[in-house]
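All remarks here apply to the structure that follows.
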Amino acid sequence: MQGLPVGTLVVACIAVMVAQISLATPATLNGLFQQDLHPVGSQLTWISDAFLLPVAALELSFGVLGDLFGRKLLLVIGGVLLTAGEFVASAAPVVQVVWVGQALAGLGAGAVFPTSLAMLVAGTHTTRDRSRSIALWAGFLSAGGVIAPVLGGITGSYGSWRWSLIVVGILGVVSIVLGLAFATDSRAPEGRSLDWGGQVTLAVGLIALLYSVIQGPTDGWTDTAVIAGFVVAAVFLALFVVAESRAASPMLRLDLFSNRAFAVASAVAVIGMFSFLGTAYATSIRLGPVQFQSPLRTAVPFLLLQGPAFVLIPLTSWLLQRVNPRWLLGSGFLFMAAGQFAAATVPIADTTLTSLVVPIGLVGIGFALAVTSITATAVNTVPIHYAGMASAATSLLRDFGFTLGPAVIGAVALGEAGARFTSTVAGAGLPAGEVDAARFVAGEGGPLAVNAIMPGQPGAAAHQVAYDALGHGFAVGFAVCGAAALFAAVLTVAAMRGGRSDNIVRREALIE
């Protein structure tokens, strides 16, 4: 790619791959977390979302910081935070310390995701080269998703979940060294400054929203704190829009959304990525804490989810230059929806991996077509001096969708499972003492806790009831993901206009 230093390309791709490994590794370890740390209720969901929350809440600010102070510096600082977080989580004696480590690692990844992309976009000068570099970046991001389950499966099966996180920390050190040695710095400080009003309102709004979504099934949707969280989220996200419309130097220029391609890509980024990571989360819980399959077996579907995006880099790069983006996005989401609806029909009693190959493989192929198309469409739509803002905005929306995936699907699936368990346990023909014990355990930790009761302990007789209820709940979760992907496909095809991505018009007048 003409004009882009090879060292910068390598560093950016390695950095985003390590960040994605850090994000994806815990998904293959949920069964081990359940056995070792005994999380109850929503505590297992928070292991994933403690990482994703700072990513989603702070990516726009990291885009500004990179533009102001240099992207190389921010990439290295992000690597340091990510590495520190992995080592903290690996030494955790209780689940709450895992959350702290995950949040610290997520803070680092929140800097790495938009900064690595902005470095590539700023170093390329034609739409053709930019599409190629974005396809490569997205491929290495997905490569991280492929490496993570293999890493988690091997270290989890032959060592412990702690060794998985230690290895990720070591990879973080490698990324830091490469960044210091080979990355070329870039920045775009013109007209950029820290937007404290926008940052505070966005962070508070997203944190409040996700708190309520995650805690709703555990604490009850009418719980005062849950309702208050939704109210705070609505108020502060509205204040974010007001702050950005009035700020002299906003984190996100709202007039970017007057460009149809950027607006549609932004909307489907949230919906589609919610659908994708919701599927990954449902698959992880189904195989781990529900079926108690080994980390190595749990890793196999994740290879199918993430692998195609890496393997298909040449094809997606070629398609981006020749096919209307809406058809790539629309077909990608249709593949995802087909796989997700198929996964919803696989009985929970079926513990074979072959039954998931086709459904999960379809989701992986769809994701490969969608993730690169979303990023290229959004970034190629804006002028080069807004590359950092567009990169950060695209990463924010993608990762906000990722954050919603475990939160919403966890809420839906566990809520459905809890309702099914409550309605069926009394009629299951169990001794009264077993029913009472199982109800007590379910009241403390939900059907997952009942499913984990060891044989011979009080309430263990209700294991099959909890198992079937969880199967029903996560089947509903897969179906919700499929409905979201189908909606994203329809929205893309119906609303996105324009020609090929290399002919996207740069509407300078919109943002000057």
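- Closest heavy-atom contact between A489 and G330: CB-O, 3.6 Å.
- Partners of S48 by side chain to side chain donor-acceptor pair (under 3.5 Å), not counting sequence neighbours: none found.
- For the residue pair Y281 and G410, the shortest heavy atom distance occurs at CE2-CA, 3.6 Å.
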Side-chain donor-acceptor pairs under 3.5 Å in residues 75-93, sequence neighbours left out?
residue	atom	partner	partner atom	Å
T83	OG1	G79	O	2.8
E86	OE2	S22	OG	2.4
S90	OG	F87	O	2.7

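- Looking at every heavy atom in both residues, G152 comes nearest to P295 through O-CB, 3.8 Å.
- When the salt bridge (Lys or Arg N to Asp or Glu O under 4.0 Å) test is applied to R162, the partners found at least two apart in sequence or on another chain are D36.
- Under the side chain to side chain donor-acceptor pair (under 3.5 Å) criterion, T25 pairs with no residue, sequence neighbours left out.
- F400 has its side chain out of reach of V55: every pair of non-hydrogen atoms, C-beta onward, lies at least 4.5 Å apart.
- Of all heavy-atom pairs between H38 and Q35, the closest is CE1-O, 2.9 Å.
- Considering all non-hydrogen atoms of both residues, I360 and P301 come closest at CG2-O, 3.3 Å.
- At distances below 3.5 Å, not a single donor-acceptor pair connects side-chain atoms of S284 with backbone N or O atoms of A280.
- Here the closest non-hydrogen pair linking C13 and L136 is SG-CG, 4.1 Å.
- Judged by distance alone, the side chain of S116 and the main-chain N or O of F113 form a donor-acceptor pair under 3.5 Å.
- A donor-acceptor pair under 3.5 Å links the side-chain atoms of S331 to the main chain of L328, judged by distance alone.
- Heavy atoms from other residues, nucleotides or ligands lying under 6.0 Å from CZ of F292 number more than 12.
- Residues R286 and Q293 fail the side-chain proximity criterion, which asks for heavy atoms closer than 4.5 Å.
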What verdict does the side chain to side chain contact (heavy atoms under 4.5 Å, CB included) test give for N30 and Q34, after you've listed the backbone C-alpha separation in whole Å, the side-chain angles of each residue and the deciding distance to 0.1 Å? CA-CA 6 Å; N30 277 323; Q34 183 74 39; over 6 Å; no
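- Side-chain contact between T492 and W327 is absent, with no heavy atoms from C-beta onward closer than 4.5 Å.
- Atom-to-atom distance recorded for L206:CG and L52:CG is 12.0 Å, nearest 0.5 angstrom.
- Listed by chain and residue number, nothing satisfies the ring-ring contact (aromatic ring centres under 6.0 Å, His included) test with F402 (two or more places apart in sequence, or in another chain).
- With rounding to the nearest 0.5 Å, the separation of CD1 in I365 from CG in L305 is 11.0 Å.
- Partners of L171 according to the side chain to side chain contact (heavy atoms under 4.5 Å, CB included) rule, which considers only residues two or more places apart in sequence or in another chain, are V18, I21.
- Scored by the salt bridge (Lys or Arg N to Asp or Glu O under 4.0 Å) test, D350 finds no partners at all (sequence neighbours excluded).
- Here the side chains of M17 and I14 are in contact, with some heavy-atom distance below 4.5 Å.
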Could you pull out all donor-acceptor pairs under 3.5 Å where a side-chain atom in residues 449-463 meets a protein atom, sequence neighbours excluded?
residue	atom	partner	partner atom	Å
N451	OD1	H463	ND1	3.3
N451	ND2	P289	O	3.0
N451	ND2	V290	O	3.0
H463	ND1	N451	O	3.2

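- Residue L397 holds its CG atom at 11.0 Å from CD1 of I271, rounded to the nearest 0.5 Å.
- For the residue pair Q464 and D468, a side-chain donor N or O sits within less than 3.5 Å of a side-chain acceptor on the partner.
- Residue pairs meeting the salt bridge (Lys or Arg N to Asp or Glu O under 4.0 Å) criterion with at least one partner in residues 290-303, sequence neighbours excluded, do not occur; the list is empty.
- No side-chain heavy atom of F335 sits less than 4.5 Å from a side-chain heavy atom of V363.
- Residues L165 and T155 have side chains not in contact (no heavy-atom distance under 4.5 Å, counting atoms from C-beta outward).
- The backbone N or O of S275 lies less than 3.5 Å from a partner atom in the side chain of Q340, making a donor-acceptor pair.
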As a quick check of understanding, evaluate side chain to side chain contact (heavy atoms under 4.5 Å, CB included) for C481 and I409, giving each step before the final call. CA-CA 8 Å; C481 292; I409 298 306; 3.6 Å; yes
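- The ring-ring contact (aromatic ring centres under 6.0 Å, His included) check on F341 picks up nothing, with sequence neighbours excluded.
- Rounded to the nearest 0.5 angstrom, L37 CG and Q43 CD are separated by 9.5 Å.
- Within the 4.5 Å cutoff, the side chain of Q291 has heavy atoms near those of the I348 side chain.
- Here CG of L362 is found 11.5 Å from OG1 of T279. Values are rounded to the nearest 0.5 Å.
- In this view, F276 and F367 satisfy the ring-ring contact (aromatic ring centres under 6.0 Å, His included) rule, not counting sequence neighbours.
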Given side chain to side chain contact (heavy atoms under 4.5 Å, CB included), test L287 with L356 step by step and report yes or no. CA-CA 11 Å; L287 297 179; L356 293 175; 4.1 Å; yes
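- Under the ring-ring contact (aromatic ring centres under 6.0 Å, His included) criterion, the residue pairs touching residues 157-177 are F33-W161, with sequence neighbours excluded.
- In this structure the side chain of Q102 never reaches within 4.5 angstrom of the side chain of W46, judged on heavy atoms.
- Rounding to the nearest 0.5 angstrom, the gap separating the CG atom in L117 from the CZ atom in R71 is 10.0 Å.
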Between L404 and L210, is a side chain to side chain contact (heavy atoms under 4.5 Å, CB included) present by the stated rule, with each step listed? CA-CA 7 Å; L404 286 176; L210 290 168; 3.7 Å; yes
